[in-house]
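A short write-up of the structure that comes next.
When a ligand or atom number is given, it counts from 1 through the structure's own listing order. Positions are given from 1, in the same order as the sequence printed here. Note: hydrogens, waters and symmetry copies are ignored here, and every other heavy atom, side chains too, is used.
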Amino acid sequence: MKLLGIETSCDETSAAIVEDGRKVLSNAIYTQIDTHKLYGGVVPEIASRKHIEKISAVVDQAFADAGLTFQDIDGIAVTYGPGLVGALLCGVSYAKSFAYALHKPLVKVHHIKGHIAANYLSHPQLEPPFLCLVVSGGHSHIIEVSDYNTYHIVAQTRDDAAGETFDKVARVIGLPYPGGSQMDRLAKLGDGTKLDFPRVHFPDSLDFSFSGLKTAVINYIHRVEQRYGISISQLGDTDIIAHEKFEGNGVRQHVETVTKADLAAGFTRAVVDILTENTIKAAKEKGARKIALAGGVACNSFLRSAMQRIGAQNGMEVCYPEPVLCTDNAAMIASMGYYLFRNGETCGLDLNAVPYISIEKGMQ
Ligand code: KG4
Ligand code: ZN
């Protein structure tokens with residue numbers, strides 16, 4: 001069975017054709033990053049306009065890349081939420097028109113379920129049950145995937161999402177939008193052990209909290225800017241931003257330089273520690289043997305390797321999608337759509353975009 005997937009929940013206009021939920025025949029993605037970069041973040045009204053301009057061409061591209069005609073597909077899967085309502089409406093309206101004109105069934109897909117399904121595309125052998133850490137610009141969840149259509153939220157963020165935290169810190173230190181991938185690049189040039197930022201853990205919950213960490217990093221930046229009369233955003237990757245006193249490990253107190261890259265590395269280490277610790281604890285509690293990563297932040301090289309390492313130490317298998325399937329794309333939506341379709345979950349042409357779907361409800 002071949003499904004056309006459509007994804008327009010944020011700033012990527014994407015259409016893809018996937019066979020039997022596993023085989024990507026095409027995955028056309030038009031990214032609006034260059035447009036939104038000018039404003040330092042996604043401007044919802046502009047995102048909607050761009051989706052309208054591009055959607056037809058992107059769908060045509062998906063068919064051309066797969067070498068198929070409109071009649072060759074068996075149905076349409078579309079992201080209906082959560083996301084920016086204007087942006088979602090573009091994809092939902094397009095998908096409904098397509099379904100109506102071609103008499104094809106329509107399947108509505110929850111965006112986070114789509115992110116999880118990206119793992120089925122990169123790992124053809126992967127089957128539930130597994131535990132999934134979903135970390136993107138808008139979401140940070142640990143989800144227990146019992147089977148293709150049964151999800152249970154084990155933990156979630158109580159404030160900012162992990163990707164949002166990366167983007168905000170990146171912006172303060174002068175990295176272009178979207179900051180996550182830039183932080184990853186910069187952190188590789190630094191030493192993550194020089195600056196120790198707070199890691200918040202709750203006594204009786206595996207929920208995440210990133211706002212305190214974000215504030216601590218931003219306060220540190222303001223402090224050194226005032227102390228040294230510098231503007232970190234104007235400095236180069238490996239320029240010195242501070243001199244800090246260190247002690248420990250049997251070494252007497254000594255002064256070391258801290259660079260902008262060390263700051264990025266210290267911040268990244270804190271985020272990765274929080275994510276990996278809670279995910280491994282959740283896996284132990286649930287008796288999970290397999291852990292999957294999903295969402296844009298799952299591209300992060302430090303998170304990937306730390307999770308692999310700690311997973312292996314605990315006898316757990318860890319997997320993640322290839323980077324292009326971690327960030328927003330329609331192939332993951334078509335994959336999830338297949339499992340919903342197989343479960344009889346088609347929808348009518350009265351489908352509407354839903355910007356804030358309670359995840360529990362959307363997950364059911
Ligand atoms: O899944 P996604 O494309 O969109 C949402 O559904 O939110 O995720 C985008 C997020 C952005 O916050 C971006 O900065 C982050 O993923 N991201 C990364 C990396 N690549 C993308 N964060 C950390 N390290 C990366 N390498
Ligand atoms: Zn996403």
Under 3.5 Å: donor-acceptor pair, side chain of S26, backbone of A62: yes
G138 touching ligand 1 at heavy-atom level, < 4.0 angstrom: yes
Where ligand 1 meets H111 - atom numbers and elements under 4.0 angstrom, heavy-atom basis: 6 (O)
Option of least heavy-atom distance to atom 25 (C) of ligand 1 (set: P323, G180, G41, G295): G180
Atom of H115 nearest the Zn ion (ligand 2) (restricted to N/O/S, atom name only): NE2
Numbered atoms of ligand 1 (with element) below 4.0 Å of G163, judged on heavy atoms: 12 (O)
E12 N/O to ligand 1 N/O under 3.5 Å: no
Nearest-neighbour protein heavy atom for atom 24 (N) of ligand 1, which is reported as residue plus atom name and distance: N300 ND2, 3.0 Å
Salt-bridge present (D207, R158; N to O < 4.0 Å): yes
Note: E317-R289 ion pair, threshold 4.0 Å (strictly below): no
Distance-only N or O hit between ligand 1 and D328, under 3.5 Å: yes
Any N, O or S atom of C10 closer than 2.8 Å to the Zn ion (ligand 2): no
Parallel, tilted or perpendicular: rings of Y220 and F197 (30°, 60°): perpendicular
Salt bridge present between D237 and K260 (N-O < 4.0 angstrom): no
Plane angle bin for F130 and Y120 - parallel if under 30°, tilted between 30 and 60°, otherwise perpendicular: perpendicular
Residue, atom name and distance, where the atom is the protein heavy atom closest to atom 21 (C) of ligand 1: G296 O, 3.3 Å
Set of ring-ring contact (aromatic ring centres under 6.0 Å, His included) partners for Y320, sequence neighbours left out: none
Protein contact of atom 9 (C) of ligand 1 - nearest heavy atom, named by residue and atom, plus distance: G137 N, 3.8 Å
Shortest-distance N/O/S atom, D328 versus the Zn ion (ligand 2): OD1
Whether R185 lies under 4.0 Å from ligand 1, heavy atom: no
Aromatic ring pairing H111/H115, orientation class (parallel under 30°, perpendicular over 60°, tilted between): perpendicular
Shortest protein contact, atom 11 (C) of ligand 1 (heavy atom only): D167 OD2, 3.5 Å
Polar atom proximity, H139 to ligand 1 (N or O, under 3.5 Å): no
Aromatic ring pairing H110/Y80, orientation class (parallel under 30°, perpendicular over 60°, tilted between): perpendicular
